[in-house]
Number of protein chains: 2
Amino acid sequence: MTREESGRAGGAPDNDRMMEPPGKGKPTLRTIAGLTGLAVTTVSRALAGDVQIALETRMRVSQVAREIGYMPDRAAQRLRTGRTNVISLILDPHEEILGYATSMINGVTEALRDTPYHLVITPHFSDRPQIEPVAHILRNRTADGVIFTRTEPLDARVKMLLESDFPFICHGRTELATPHPYVDYDNYAFAYQAARRLTASGCRKLAIILPPTAFTFAHHMRHGFMTAIREEGLAYEIPQEVTLDSKSDAIRDCFFALFAHPDRPDGVVCGGEVIAMAVMAAAYDHGLKLGQDVHIVTKQTSGLFDQVRPRIPTIYEDLAEAGRLMGELLLKRIAEKKPVTELQYLQTVTGF
Amino acid sequence: MTREESGRAGGAPDNDRMMEPPGKGKPTLRTIAGLTGLAVTTVSRALAGDVQIALETRMRVSQVAREIGYMPDRAAQRLRTGRTNVISLILDPHEEILGYATSMINGVTEALRDTPYHLVITPHFSDRPQIEPVAHILRNRTADGVIFTRTEPLDARVKMLLESDFPFICHGRTELATPHPYVDYDNYAFAYQAARRLTASGCRKLAIILPPTAFTFAHHMRHGFMTAIREEGLAYEIPQEVTLDSKSDAIRDCFFALFAHPDRPDGVVCGGEVIAMAVMAAAYDHGLKLGQDVHIVTKQTSGLFDQVRPRIPTIYEDLAEAGRLMGELLLKRIAEKKPVTELQYLQTVTGF
DNA sequence: GACTCGGTTTGTATCGTTATAAATTCAACA
DNA sequence: TGTTGAATTTATAACGATACAAACCGAGTC
């Protein structure tokens, strides 16, 4: 008690700079130190909730801090502690899937809400090696955690991050022996169920557009699709010249050609809305009737297909939720060393 | 010359820490200082290209820096100089327009390529005042420049940023007296030309879905639309209960109701692809034939409508270019105090 | 030989924060 | 009365970079 007051009265001697408030600038620890008559160190520790600091002091300090609207300087914290309070989301500007990035960003953003973390978008330009942004972040420690997508079976980024024991989470799984955090959508189930719906509609020959084979989820999709095919003993066709990444014009042209054949597929599994629109366009341009001559099931990641006519059956993938999950799991990974199994999540296919 | 070598030989005395390389960590200025036998200050200034430093020294230093892969520590630079090397893009997670955010992010990202700037996504949660993220950035100087969208005629964010003389650029114009940097799309021209195309197709009564009136571009659109209406002396209808921000279901329902009337509109101007899909769905659900009973012109911001059948006339808005322009102009604004007129850009409507 | 002067390099302090070690206070105890 | 120790608080140094003022060097001048 007396210390306080003596501190207030005689507090000037050492940190006499308090007299000159740090310009018109933001309040710093020193501002609070001046106001309370405490040392900067004490203020810092008080705000950090150190139990070595008297409870009363802690309360008084945080009270003052709140009053003057103190916010710690991120740069200073980062320089001192090495923690950046940054989550880096690596994005490929070429993602064609409708609003893929936006939904995911929104999800991650939501998870980061009310945390000190900022979201930095790190581009991966397609003319550069995929590992580059990860290597850069790792080398310069410009983030506390990394999120990336389009995971490959033997993903070099995963390997590198695992080796460095650096917090990360990816959208999609690998086939690596070492388990690692991920959020994935069950594309096996998607393709399987999509195919089953088509067979249930009486289709005799199915087609599917797969992602580039480099990506793990291409195999999942193929597997799900083929399982349904085998169960039914159906004919099928997997066009090799297009992928989910192809321009929609290319996909339309491809299916326009396919639909010209007498043994054309009468059911198509579409991995995305734009793909579905392209296939529909191809059918339309042939005068084929949707739901009669040709059936389609598509993955839906936005509200768009609620407005598409005729109505097309869809299977929903919640990308915003995926983003939110990735954010949450990554934060968990950063905060504490959890067993990896708690950092893995597989989004199931909703409904049939 | 001699200095160099003496420096190399006897360079140890003061900065003897060079012997213990800073852990396994990244190289810093001190690493280079150790290697070259120069003082940290000299290295810093050499890398900064200070002409006070001998050309030979500058070259030698940057050579060494390159060899050991030196990258300046952002946190340290930021703490010392106050420059963050961050551009903040304020995003509203509720933007419904298809891929709006993604395209813009890609554009900004492209502009920031090969600069030291990072892109930070700052969310604006719709349950919070619009000014909040801007005020926060301003107060804590967490960025060197701000980008935001959905500008209002008397936009509080613009006012605040102008007052603080803080670099920013917005997507959309204001009606403020003080000129400020912006990139905008000519929505007047869009609406005008869209309407004219519809009248050219023989429409007798036009409808348009406008953005929420709070936004400046709502007025631009209305004005363009109404100009065309007046020139042709046509009937028109502007549904009040929906806006471009409405859920697409609401828009479809609204137009389903409109299309039920005998004096229904036979031409609709759609400000976005999802809107257009909703209107098309409403028409379809009434059995109205597109291109005959009802005509539509839509703004196109992605490749989606290339696949929509029947083909719908579209007017293109390049959001990625808008993002790129915003990035470039903002960087220009940060680098040098240019006249504002060079920091304004209006994207014209391409073709008729 | 002392002196000045460009051209060049260096030392010192600082940004705001925090880890570490040291200091202070005061009550309890011998 | 002096000692011990728990409870608090404080001083110091560092993170890596840069602004500023001062120092250094050799050459040219008087």
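Just the heavy atoms: all of them, side chains too, but no hydrogens, waters or symmetry mates, feed the values below. Every chain is numbered from 1, with letters handed out A, B, ... down the list of sequences.
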Any chance you could lay out the side chain to side chain donor-acceptor pair (under 3.5 Å) test for Thr102(A) and Thr102(B), step after step, and finish with the verdict? CA-CA 6 Å; Thr102(A) 313; Thr102(B) 312; 2.3 Å; yes
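- Atom CD in Glu56(B) sits about 11 Å away from atom P in dT8(C), given to the nearest Å.
- Here the P atom of nucleotide dA19(C) and the CD1 atom of Ile53(A) are 13 Å apart, to the nearest Å.
- With hydrogens and angles left out, the side-chain atoms of Ser88(B) and Thr122(B) include a donor and acceptor closer than 3.5 Å.
- Taking atom CD of residue Gln52(A) and atom P of nucleotide dA19(C), one finds them 13 Å apart after rounding to whole Å.
- Residues Asp73(B) and Arg139(A) are not paired through a salt bridge, judged by the lack of any N-O separation under 4.0 Å between the basic side chain and the carboxylate.
- Side-chain nitrogen and oxygen atoms of Ser44(A) include at least one within less than 4.0 Å of the OP1 or OP2 phosphate oxygen of dT18(C).
- Using a 4.0 Å cut-off, some side-chain N or O of Gln77(A) falls inside it from OP1 or OP2 of dT18(C).
- For the 3.5 Å distance criterion, the side chains of Gln63(B) and Arg60(B) fail to qualify, holding no donor opposite an acceptor.
- Remark: Asn85(A) pairs with no residue by the side-chain hydrogen bond (donor to acceptor under 3.5 Å, both in side chains) rule, at least two apart or across chains.
- Protein atom CG of Leu55(B) is 11 Å distant from nucleotide atom P of dT9(C), rounded to whole Å.
- Rounding to whole angstrom units, CG of residue Leu29(B) and P of dT14(C) are separated by 20 Å.
- The pair Arg333(A)-Asp165(A) meets the salt-bridge criterion, since a charged nitrogen lies less than 4.0 angstrom from a carboxylate oxygen.
- Applying a 4.0 Å cut-off to non-hydrogen atoms, the residues of residues 79-86 of chain B that approach DNA chain C are Leu79(B), Arg80(B), listed by residue number.
- Contact annotation: side chain of Arg45(B) to base of dT8(C), donor-acceptor pair absent below 3.5 Å.
- Here the P atom of nucleotide dA17(D) and the CG atom of Asp50(B) are 17 Å apart, to the nearest Å.
- Under the ring pair (Phe, Tyr, Trp, His ring centres under 6.0 Å) criterion, His118(A) pairs with no residue, sequence neighbours left out.
- Listed candidates were dT9(C), dA17(D), dT10(C). Nearest to the side chain of Ala39(B) is dT10(C).
- Between Asn140(A) atom CG and dG16(D) atom C1' the separation is 13 Å, expressed in whole Å.
- What separates CD1 of Ile32(A) from C1' of dT17(C) is a distance of 12 Å, to the nearest Å.
- Two residues, Val51(B) and Ala75(A), neighbour DNA chain C, and the one matched to the more 5' nucleotide by heavy-atom proximity is Val51(B).
- Residue Thr41(B) has no polar side-chain atom (N or O) positioned under 4.0 Å from OP1 or OP2 of dA19(D).
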